[in-house]
2 protein chains.
Amino acid sequence: MKKCKLDLLILLARKGALSESILVSTSALSAEFGGSKDGISQQTVSRWLLELEDSDLIGRNGKRVRIESSGRQKIEEIALVAKESLAGKTAKPAECCDIKGKVASGFCEGKYYVALPEYKKQLASKLGFSPFAGTLNIRLSRSSDVERVRKLKASGGIETDEFVRDGRSFGRSKCFPVLIAGKIRGALIFPSRSHYGDEVVEVIAPVCLREKLKLKDGKEVSIRVL
Amino acid sequence: MKKCKLDLLILLARKGALSESILVSTSALSAEFGGSKDGISQQTVSRWLLELEDSDLIGRNGKRVRIESSGRQKIEEIALVAKESLAGKTAKPAECCDIKGKVASGFCEGKYYVALPEYKKQLASKLGFSPFAGTLNIRLSRSSDVERVRKLKASGGIETDEFVRDGRSFGRSKCFPVLIAGKIRGALIFPSRSHYGDEVVEVIAPVCLREKLKLKDGKEVSIRVL
DNA sequence: ATTACTAGTACTCGAGTAT
DNA sequence: TATACTCGAGTACTAGTAA
């Protein structure tokens, strides 16, 4: 399998760059990858090192290279995942987890959807509560939470059906029951065709969350996925 | 850092594909990588799976995927390297190892070089023996040995100097002392500008190896790098 | 619903080379 | 020596879609 930046990071680790600043040259690293032909060229190693530096995975000082904490984290993550997989432990789908983010204003697509009686009815029966006609937008602060949300969306969840109203078709949405700020039961709602990336999530609840929790834009909120 | 095929393999492992055939879809895997935008598209996951299958790292049967032994080996390797690096163990340069290959005929560049008095003299003083005017070409059978040879070449070795003769310049070469077939001391020789890839190595010794070891093309020979 | 093909674009690579 | 830039060539990507 073709080598990649990750292989370079691991090679640096193997050479001891985790514990100290080590002396390397781009051409020597290239040679260890099998040279220019069929391997990785000196130029590419040079570029990869610059890119690893850009992402703060490594630090450089002249010809010395040292792996930074985020680089170490990456390697620890891989080691852990590989070890657990080999041991037969598999990732459990949609397990309970906590995510955090800040209240944000936004397009309120969710609000629009939730206000439609067809959806409201579906949500009430599938989630166990009748949603307030509005959504709370949360911008996730940690990139690990963005990752978590992606896995969550991929793992299943409660789906609402699509329907047609006034000749327009409304797509599906995925919901996940949550506990907001440790107090109020609600749900994350992801319209199937969202304008947001995964860094903003929409929360619905039986009540107006902004009022009940006295929230203003920018205030931090924690959400427990159940 | 951008995901790569290796990440896909690890993800499959994480989902339990090491111990059993698991049910996955290319779109779900794509979603776990963050979807099409900024992540990896369904089409790419499809292609990656086909490529992993081509390299025999995974096996597929309809929508079921299972990691094959070479895929498991890959993951074990990563787990080991990552673990050792984190534990502070660094890779030792040019350690003693055994490589194997079959006798091959070839261009005999080495023979030409070795026959030159300037080289012969240098080799005699640097290697401790006066080389027979001929080389034995060995085609490595295991790809892991090719890898080993690359690392070897990158790690240092004994270098001969370049020189000029009859207005033509002759480049450097790198040598590594070895024990051939467990009996004869010699050296691997790598001219700096070789016509071979790393899958063929040239061996020199104080004697004619073909005669002494009664070798014919295709016969397997083991070489211990000292 | 799926997988994976084709087509066209975008990105990455490495040769050459400046520094 | 070394690193890292430019740029043309080739690879890998995604959108669209067929099966």
Side-chain angles (χ1 to χ4, degrees), chain A residues 1-9 12 17 21-55 58-66 153-157 159-162 169 171-174 192-193 197, chain B residues 1-9 12 17 21-55 58-66 150 154 156 159 161-162 169 171-172 174 192-193 197:
Chain A
M1 192 158 35
K2 182 90 172 171
K3 303 291 182 199
C4 64
K5 269 187 274 183
L6 195 59
D7 292 287
L8 179 56
L9 185 68
L12 290 172
S21 212
I22 60 162
L23 202 65
V24 291
S25 82
T26 54
S27 36
L29 292 170
S30 162
E32 293 210 43
F33 279 145
S36 185
K37 183 91 176 83
D38 286 340
I40 299 297
S41 70
Q42 171 270 321
Q43 293 91 328
T44 297
V45 171
S46 169
R47 206 183 33 253
W48 284 0
L49 283 176
L50 289 170
E51 286 165 12
L52 289 176
E53 200 180 359
D54 264 357
S55 340
I58 64 170
R60 296 217 282 171
N61 201 307
K63 288 173 193 170
R64 297 206 155 266
V65 178
R66 180 175 29 86
K153 283 165 74 174
S155 72
E159 289 214 341
T160 63
D161 300 325
E162 59 192 336
S169 129
R172 272 181 283 275
S173 76
K174 270 195 180 183
S192 61
R193 293 186 155 256
Chain B
M1 191 157 38
K2 184 90 173 171
K3 302 293 182 199
C4 63
K5 268 186 274 183
L6 195 60
D7 292 287
L8 179 57
L9 186 68
L12 291 171
S21 214
I22 61 163
L23 201 64
V24 291
S25 82
T26 53
S27 37
L29 291 170
S30 163
E32 294 210 41
F33 279 146
S36 185
K37 184 91 176 83
D38 287 340
I40 299 297
S41 71
Q42 172 270 320
Q43 293 90 331
T44 296
V45 172
S46 169
R47 188 160 34 77
W48 284 1
L49 284 176
L50 289 171
E51 287 164 11
L52 289 176
E53 199 180 359
D54 263 356
S55 339
I58 64 170
R60 296 215 282 170
N61 200 307
K63 288 175 193 169
R64 297 207 155 266
V65 177
R66 179 175 31 85
R150 280 174 179 158
E159 287 215 342
D161 300 324
E162 58 192 336
S169 130
R172 273 181 282 276
K174 270 195 180 183
S192 61
R193 293 185 155 260

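The sequence lines fix the lettering, A, B, ..., with proteins before strands; numbering per chain opens at 1. The figures here come from the full heavy-atom set of this structure, side chains too, leaving out hydrogens, waters and symmetry mates.
Here the side chain of B:Ser27 is nearest to one of C:dG14, C:dT2, D:dA4, namely C:dT2. Of all nucleotides listed (D:dA2, C:dG14, D:dC13), C:dG14 comes nearest to the side chain of A:Arg47. Of the listed nucleotides (C:dC5, D:dA12, D:dA4), D:dA4 has the atom at the smallest distance from the side chain of A:Gln42. Checking C:dC5, D:dT14, C:dG14 against every side-chain atom of A:Ser41, the shortest atom distance belongs to C:dG14.
Regarding A:Arg64, its CZ atom lies at a distance of 16 Å from the P atom of D:dA2, rounded to whole Å. Rounded to an integer number of Å, the gap from CD of A:Gln43 to P of C:dC11 is 21 Å. In this structure, B:Lys3 places its NZ atom 17 Å from C1' of D:dC13, rounding to the nearest Å.
Remark: side-chain polar atoms of A:Thr160 are paired, donor with acceptor, to backbone N or O of A:Ser173 under 3.5 angstrom.
A:Thr26 comes within 4.0 angstrom of sugar-phosphate atoms only, judged by non-hydrogen atoms across all strands, and of no base. No contact: A:Gly62 has no heavy atom under 4.0 Å from any strand. Using a 4.0 Å heavy-atom distance criterion, B:Ser46 is classed as a base contact.
For the pair A:Leu49 and B:Trp48, nearest-nucleotide mapping onto DNA chain D gives the more 5' position to A:Leu49.
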